[in-house]
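The structure appears right after this line, and notes come after that.
Remember, predicted model here, so these are calculated numbers, not experimental data.
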Amino acid sequence: MSTEKDYAVEGAELKCSLGSKTSRLKIPYKKTVSIGGKKQADVNDYKGGVNIMSFGSCSRSYPPLACIMGTCAKWVNGKGTSRINGEEALRKESINICSCGGIISIVDTGH
């Protein structure tokens, strides 16, 4: 059974497998659904530089260069039935793939 803490909200902590530091999920536009006063994220909150910020240095290059966040598609592996304006809600087990090949995961949902 899912609880509110299984769903990501604004401020959720994110990690890229190639990055040197974590980042926080941003939702800069108005959302109508919130949990505990924080905007609830959905699978469309994936845009680099808008929703997902830099992860520090990218280890894909040598020497490591600054992460230039760029994602390619919506978050996947949500397995949830909860929807926000027709889109799947973003869940703790969701992942995304950075355009450099890193796997982005949710470390903490932000509650």
- Which pair of non-hydrogen atoms, one from Ser17 and one from Gly102, has the smallest distance, and what is that distance? OG-CA, 3.5 Å
- Item | Other residues, nucleotides, ligands: >12 heavy atoms within 6.0 Å of Lys15 NZ | yes
- Distance, nearest 0.5 Å, that separates CD1 of Ile97 from SG of Cys16: 9.0 Å
- Query: Given side chains that start at C-beta, do those of Leu90 and Tyr7 come closer than 4.5 Å, heavy atoms only?
  - Reply: no
- Counting distance only, does the side-chain N/O of Lys92 pair as donor-acceptor with the main-chain N or O of Ser105 below 3.5 Å? no
- Task: Side-chain contact test, heavy atoms from C-beta onward, threshold under 4.5 Å: evaluate it for Leu14 versus Ile106 and give yes or no.
- Result: yes
- Query: Does Lys39 reach the main-chain N or O of Ile27 with its side chain, forming a donor-acceptor pair under 3.5 Å?
  - Reply: yes
- Item | Pairwise distance NZ(Lys74) to CD(Glu87) - rounded to 0.5 angstrom | 3.5 Å
- Message: Taking the side chain as everything from C-beta on, heavy atoms only, tell me whether Asp42 gets closer than 4.5 Å to Val33.
- Response: no
- Could you check Ser23 against Met53 for side-chain contact (heavy atoms from CB on, under 4.5 Å), going step by step and ending with a plain yes or no? CA-CA 6 Å; Ser23 182; Met53 302 302 146; 3.5 Å; yes
- Within a strict 4.5 Å, meaning less than it, do heavy atoms of the Trp75 and Ile104 side chains meet? yes
- Message: Nearest 0.5 Å, please: how far is OG1 in Thr109 from CD in Glu10?
- Response: 13.5 Å
- Message: Determine whether a donor-acceptor pair (N or O, by modelled atom type, separation under 3.5 Å) exists between the side chain of His111 and the backbone of Ala8.
- Response: no
- Query: Among side-chain atoms of Ser34 and Gln40, is any donor-acceptor pair under 3.5 angstrom?
  - Reply: no
- Query: Quick one: are Ser57 and Leu65 in side-chain contact, heavy atoms under 4.5 Å?
  - Reply: no
- Minimum-distance pair of heavy atoms, taken over all atoms of Ile35 and Val9: CB-CG1, 4.0 Å
- ILVMFWY cluster, Val76 and Ile103 together (side-chain gap under 4.5 Å): yes
- Message: According to a hydrophobic-cluster definition based on side-chain heavy atoms being under 4.5 Å apart (Ile, Leu, Val, Met, Phe, Trp, Tyr only), do Leu18 and Ile52 belong together?
- Response: no
